[in-house]
Amino acid sequence: MPNYWLMKTEPTAFSIHDLAKAPKKTTCWEGVRNYQARNMLRDDIKKGDFVLFYHSNTDEVGVYGTAIVVKEGYPDPFQFDKKSKYFDDKASKDTPRWYMVDIKLDQIFQSPVTLTEMRSLKPLSNMKLLQKGQRLSVQPVTKTEWNTIVKIGQKA
DNA sequence: GCCAACGTTGGC
DNA sequence: GCCAACGTTGGC
């Protein structure tokens with residue numbers, strides 16, 4: 001049984017359209033530097049799991065499409081790269097601190113399911129994303145939440 | 001650009 | 001282990 005997740009990105013840094021243009025429409029999800037999110041990337045997110053692709057910090061905030069996990073948690077190499085902004089001198093190859101997964105584009109929605117719209121939907125009333133102060137860039141999503149959003153995204 | 005909410009750091 | 005200071009996230 002696959003699980004469902006939501007991943008946030010700032011589209012100025014990496015958007016779903018960038019993912020569409022990437023080789024094999026696949027990218028590694030580097031740069032997550034939060035322990036809770038790290039634990040999910042390392043332990044919980046499995047190959048074949050589904051991802052809601054969310055744009056934050058933009059004019060129209062919301063879910064822009066879906067992706068599939070094609071590679072499970074492995075050490076984020078940028079933590080070892082002194083030139084990277086994600087470099088972490090407390091991490092070593094023997095004891096990596098940060099992890100990432102690879103995801104592949106599934107579909108881009110006809111039009112995004114906006115945060116405003118999501119707030120108005122009953123089945124999403126308990127969704128983590130909509131709770132106050134929720135900043136996690138990787139979050140679990142229930143199957144119901146997934147189905148609700150994807151249905152609207154596809155229809156729109 | 002503002003600012004509330006949250007996470008991390010570091011002195012004690 | 002406490003907590004103030006600081007940095008970051010992210011909606012608006």
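Order of the sequence lines fixes the chain letters, A, B, ..., with proteins taken first and strands second; residue numbering starts at 1 for each chain.
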Atom [atom1] of [X] to atom [atom2] of [N]: distance rounded to whole Å?
X	N	atom1	atom2	result
A:Leu115	C:dT9	CG	C1'	14 Å
A:Leu129	C:dG10	CG	P	9 Å
A:Tyr35	B:dC6	OH	C1'	16 Å
A:Leu136	B:dA5	CG	P	17 Å
A:Arg97	B:dG7	CZ	C1'	13 Å
A:Leu6	C:dT9	CG	P	16 Å
A:Arg135	B:dT8	CZ	C1'	10 Å
A:Asn34	C:dT8	CG	P	14 Å

Tell me, with the steps shown, if A:Leu129 and A:Arg119 meet side chain to side chain contact (heavy atoms under 4.5 Å, CB included). CA-CA 10 Å; A:Leu129 178 77; A:Arg119 286 197 198 283; over 6 Å; no
Charged tip of A:Lys71 within 45° of A:Tyr74 ring normal and under 6.0 Å: yes
is_close_aromatic(A:Tyr54, A:Trp5), centroid dist under 6.0 Å: no
Any side-chain N or O of A:Lys132 below 4.0 angstrom from OP1/OP2 of B:dA4? no
State whether A:Tyr54 places a side-chain N or O below 4.0 Å from either non-bridging phosphate oxygen (OP1 or OP2) of C:dT9. no
Could you state the interatomic distance from CD1 (A:Ile152) to CZ (A:Phe109), rounded to the nearest 0.5 Å? 9.0 Å
Walking DNA chain B from its 5' end, the first of A:Lys90 and A:Asn57 to be reached, judged by nearest nucleotide, is A:Asn57
Between C:dG10, C:dC12, B:dG7, which one does the side chain of A:Gln36 approach most closely? B:dG7
